[in-house]
Amino acid sequence: MIRTGAGKDPLLRRPFSIHQSIAQGQIQIYFKVVGRGTEILAHVKKGEALSVFGPLGRGFRIAEKSPACLIGGGLGIAPMLFLAKRISQVKKDCSQDLIILGGRSRSEVEPLVADFEQLGLKLACSTDDGSYEMRGYVTDVFKNHDLPADCSVYCCGPEAMMARISAMCKEHHYPCQVSVESVMACGMGACLGCSMPTKSGIYAHVCLDGPVFDAEEMVWNI
Amino acid sequence: MIRTGAGKDPLLRRPFSIHQSIAQGQIQIYFKVVGRGTEILAHVKKGEALSVFGPLGRGFRIAEKSPACLIGGGLGIAPMLFLAKRISQVKKDCSQDLIILGGRSRSEVEPLVADFEQLGLKLACSTDDGSYEMRGYVTDVFKNHDLPADCSVYCCGPEAMMARISAMCKEHHYPCQVSVESVMACGMGACLGCSMPTKSGIYAHVCLDGPVFDAEEMVWNI
Amino acid sequence: MEYLKESDSIPDLRVKIGTLVLDNPVMTASGTFGYAREFEPLMNLRRLGAIIVKGISLHPRAGNPPPRIVETACGMLNAIGLQNVGVERFIKEKMEYLGNLSVPIIVNVLGDSLEEYRQITERLCHCTAVAAIEVNISCPNVKKGGVAFGTDPSMAAAVTKVVKQESTVPVIVKLSPNVTDIVAIAAAVESEGADAVSLINTLIGMAVNLKTRRPELANVIGGLSGPAIKPVALRMVYQVARAVRIPVIGIGGIETAEDALEFMLAGATAIQVGTANFINPRASEEVVEGIGDYALRENLHSIRELIGALKVG
Amino acid sequence: MEYLKESDSIPDLRVKIGTLVLDNPVMTASGTFGYAREFEPLMNLRRLGAIIVKGISLHPRAGNPPPRIVETACGMLNAIGLQNVGVERFIKEKMEYLGNLSVPIIVNVLGDSLEEYRQITERLCHCTAVAAIEVNISCPNVKKGGVAFGTDPSMAAAVTKVVKQESTVPVIVKLSPNVTDIVAIAAAVESEGADAVSLINTLIGMAVNLKTRRPELANVIGGLSGPAIKPVALRMVYQVARAVRIPVIGIGGIETAEDALEFMLAGATAIQVGTANFINPRASEEVVEGIGDYALRENLHSIRELIGALKVG
Ligand SMILES: Cc1cc2nc3c(=O)[nH]c(=O)nc-3n(C[C@H](O)[C@H](O)[C@H](O)COP(=O)(O)OP(=O)(O)OC[C@H]3O[C@@H](n4cnc5c(N)ncnc54)[C@H](O)[C@@H]3O)c2cc1C
Ligand SMILES: Cc1cc2nc3c(=O)[nH]c(=O)nc-3n(C[C@H](O)[C@H](O)[C@H](O)COP(=O)(O)OP(=O)(O)OC[C@H]3O[C@@H](n4cnc5c(N)ncnc54)[C@H](O)[C@@H]3O)c2cc1C
Ligand SMILES: Cc1cc2nc3c(=O)[nH]c(=O)nc-3n(C[C@H](O)[C@H](O)[C@H](O)COP(=O)(O)O)c2cc1C
Ligand SMILES: Cc1cc2nc3c(=O)[nH]c(=O)nc-3n(C[C@H](O)[C@H](O)[C@H](O)COP(=O)(O)O)c2cc1C
Ligand code: FES
Ligand code: FES
């Protein structure tokens, strides 16, 4: 959670995923300007101090023994680099792992590809308009790849995409984790603002119980 | 009137005097950080755009034929440079003119002296703590100087100081103009927020009828 | 290349308040636009849907001692104290200029008794330049120990009745938000024939200066306006618009066309720009422009399609 | 050099709410501090005057569907929907931790009938760790068609009476600001024996998303909190404090010690930090520190000297 300004407006912190972090204590976020807070953030100059509160919540749980398939759509690519790094550190065998990145067009995907390629994992990309690699959705890429039967899927992106991927994983009996978004005020379980309906009938709280959930628990609102 | 930020907070513009201006369209303000708005203003970087609305209101009316005595106390020094320049341009004979500047201590007065000295008018300064030139108030300087009987006084500073100067001018039958402050919202006569009681019993509006008034009209609230 | 075709029709921005047709739904809120003339050099007054002038009373009022305003978080408090020149001087000194603007002029009136409201209405209806009257009922009723007319349905109804009886032009009743049930007040004034309601007037607030240990306003309490109150205003507009059949005019924290359109979705037929005029003197004109652009972009035949079009549930 | 001498006495920050003595006037507002444990790693809970936990009802409540919050100008709207685990699970799962904190724990309670208020009070008074009960009367009274208890003096009095009869600890009644006359409500609950009143709860507001043409909150309306509402809160605290003899606890937009001290000048005996906890999890502790520093700097013997010390007129 990051405060984007020092004044009283915008008032609340904004939640972001950690894109990269290094042991020396630097973190990198990758974000899109969608409103006032991100607008201000985009104008922050090198050397300015920001109030950062985190890391918070539960991230992806890496299944160390099973082949991994990481799927990032649009800004859902942001947390995937961090996860891919962790996977390449934690897992012994990454030869069967696959990263699928998708976006609306070239500019949403291409700038990030080099970072992922460094990790040496297999990469497949798509864009809605075909301006970079395959034309289509990440779901198409996912369908086109023959994944190992014991594959684990890690997914972040727009809700509609995650819903589709979840359904496909269910079909193939792949365990699937999704990282979801919600409006947040506190980021620490105090306000109960970030509720998310779950199959069990009670609300989960994205900031504390998530943002990563087992896809099976989710009730998609689409 | 200057907006100190682009957001909704601080909401209102802040009023400032023009310290200097040149024909090419540059203006300079001289200000003190007293709260949030001026704090933000102090951090504005060269080249950043600010929303400025003005000039507004009625400034000093220069009596071209009579010797002038300009008195600036504390931040009341700010509008005096502009006035002194105008006086030196407009008046034929400035030999009897006097500028009195006062402040709490050296740092409030000294940095501005050079600008005034360039104009070639007589200058007398005081500081409350004696750290620069005479120890005392501008009222003391004023008392110590033998001013011509037909002298016009122009004054800006804390209310208490202006009240004292006004009283002294009344005694000596010097016409005196004072530049007063008031909280402002619109700066253009629309909100009626900047009211100031006057001797006539009705409220004057500092932004439109002022900020400069004849000292005689004023009801000092001290 | 795609062939760019002029849209067949420029969207219709007109809205109707009683019998009064406005070119567009944007007005200036009373007390925030002076007597309009102040804004002449800064904007094109003729583009406004209507101009509402500073509240006028039967007799001149001096207003409150300073300080009269103070900034708060995303808002401001004012305690102007209803300063105005009185209806006679208003008619003599301001009406001619206003009458020549060819924009509907709505006069905001206030009083401290029913009789004052009656007399001022009578006097104003003799001026052909008055397009409508907006009745400020947030004023204290002197007979009832200073309780505001607008806080009680029966008193609000009584004022409406008196003004309606006298008026030859549409009557807009401006509601106070400092009430438990604004819908009840709106219903009461509707039942007495109000042609429209406008809301909200300011929320009562206060600010304290810790250094001086004094209230920031000489009057101690004042009216809160600006972006801070927009959520309260939107909620009240939404509730009232669903409960009455007369047009609702939305007011409170409107700075941009987006703000204005949100009020229209919530049920407002027209809106007023208030405090924003102080920050950006062109704010009201920019709202007009922005609404026009939106209607064009969204292919609206008429801006009226938006009124109350909020999708709920 | 001047000889620096330790001040003879560290200022006394204690204040009294009924029979309950707090080490300092700073509490955390219900619903903004979870069940306190969430803040344990971030601050020293033991420095607080008291902790008020999230509102508890007799039976668990699931709360509203998302979105539940949205930011507004200098504020936020929430429609959490009073989600809570219910009194039994609260006692079983949260009470032990809270009881060991050695800070007074005040439980905020809510109900939709007088009987629910009675039962929950009875249940809580069996827990030794409960130092006081704060009664949220902004909840809809199901029997009265959903009109909030807190909007009517007689309903507010009835709730107070029921809770007071059952309670063995001090009872604070938390007032709704969405009323015409908050002084009348405060007087009504005082007359039924409330040991203190706290105010304000949130203002009812709404936000609209122009793109989707939908309300921002699934519940359509929600409660406005944060700096935006501070002027309204200060005004109500000032009015109520002059009208009642019981202590008044100020709430609304308090972020800093300066804010807190302004409320005390206006008449508050103690204050609560709400929304600010979300922005700065240490906000409440920093308010405690700031109040202590102020008292020292101003040579106050006791912070109580400030209560209602506003110079008016
Ligand atoms: C767990 C999590 C991780 C995220 N990671 C990233 C990331 O790595 N990169 C990135 O670009 N974005 C990320 N987001 C989204 C990011 O938080 C929003 O884009 C940002 O808060 C928008 O702020 P704004 O002030 O620019 O927009 P606003 O003007 O506030 O609103 C624009 C839109 O953003 C959404 N929004 C506003 N405030 C919040 C909030 N507090 N929480 C969630 N959504 C909000 C609103 O629904 C609104 O439609 C993440 C969100 C969550 C919940
Ligand atoms: C006609 C006029 C000319 C001025 N010229 C100068 C100048 O040349 N240099 C200079 O340093 N200052 C000048 N001031 C004062 C200047 O406007 C205030 O110092 C400034 O507005 C404070 O803003 P802030 O946000 O920093 O303070 P805030 O945090 O808003 O408040 C700090 C103090 O400043 C005062 N203040 C706040 N807002 C206003 C306002 N809108 N109008 C007036 N006072 C306010 C308040 O009384 C408060 O005590 C002038 C004021 C007026 C009316
Ligand atoms: C300085 C000032 C003066 C006002 N004077 C009046 C008035 O005379 N009559 C009236 O009905 N409303 C008056 N109002 C209320 C506004 O018309 C409007 O209802 C209120 O400010 C809310 O809108 P806003 O948030 O856009 O400012 C005044 C508001 C301000 C800020
Ligand atoms: C997310 C949220 C949840 C709240 N839940 C409760 C509640 O359960 N019971 C209650 O009495 N007040 C509740 N409140 C109101 C606060 O306790 C407080 O009265 C209000 O937010 C105003 O204070 P603030 O501006 O400092 O936040 C809640 C407020 C917020 C923002
Ligand atoms: S953001 Fe506050 S509980 Fe999740
Ligand atoms: S500042 Fe608005 S009338 Fe002077």
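Within every chain, numbering begins at 1; the chains are lettered A, B, ... in the order of the sequence lines, protein sequences first and strands thereafter. None of these values were measured; they are calculated from a predicted model.
Ranking D:A228, D:A207, D:G205 against chain C, the residue ahead of the rest is D:G205, based on heavy-atom pairs under 4.5 Å. Between chain C and the options D:T180, D:L261, D:V237, the largest number of non-hydrogen pairs under 4.5 Å is found for D:T180. Counting heavy-atom pairs closer than 4.5 Å to chain C, the top residue among D:D181, D:V232, D:D152 is D:V232.
Atom CE of residue D:M264 and atom CG of residue C:L210 lie 11.5 Å apart, to the nearest 0.5 angstrom. The distance from atom CD of C:E216 to atom CD of D:E262, rounded to the nearest 0.5 Å, is 7.5 Å.
Heavy atoms of D:L224 lying under 4.5 Å from chain C belong exclusively to its side chain. Contact of D:T212 with chain C is made through the backbone alone, with heavy-atom distances under 4.5 Å. Proximity to chain C is limited to the side chain of D:I221, based on heavy atoms less than 4.5 angstrom apart. Of the atoms belonging to D:F263, not a single heavy atom falls under 4.5 Å from chain C. Of the atoms belonging to D:I204, heavy atoms from both backbone and side chain fall under 4.5 Å from chain C.
Contacts from residues 305-313 of chain D to chain C, taken as heavy-atom pairs separated by less than 4.5 Å, involve D:L306, D:A309, D:L310, D:K311, D:V312, D:G313 in sequence order.
No option in C:V208, C:L77, C:T72 other than C:V208 meets the side-chain contact (heavy atoms from CB on, under 4.5 Å) test with D:L234.
At a threshold of 4.5 Å between non-hydrogen side-chain atoms, the residues C:V220 and D:Y238 count as touching. Counting heavy atoms from C-beta on, the side chains of D:N178 and C:R235 come closer than 4.5 Å.
The minimum heavy-atom distance linking C:P227 with D:A73 is given by the pair CB-CB, 3.6 Å. Taking all atoms of both residues into account, the shortest heavy-atom contact from C:L265 to D:N209 is CD1-O, 4.5 Å.
Within 6.0 Å of CZ on C:R242 lie no more than 12 heavy atoms contributed by other residues, nucleotides or ligands.
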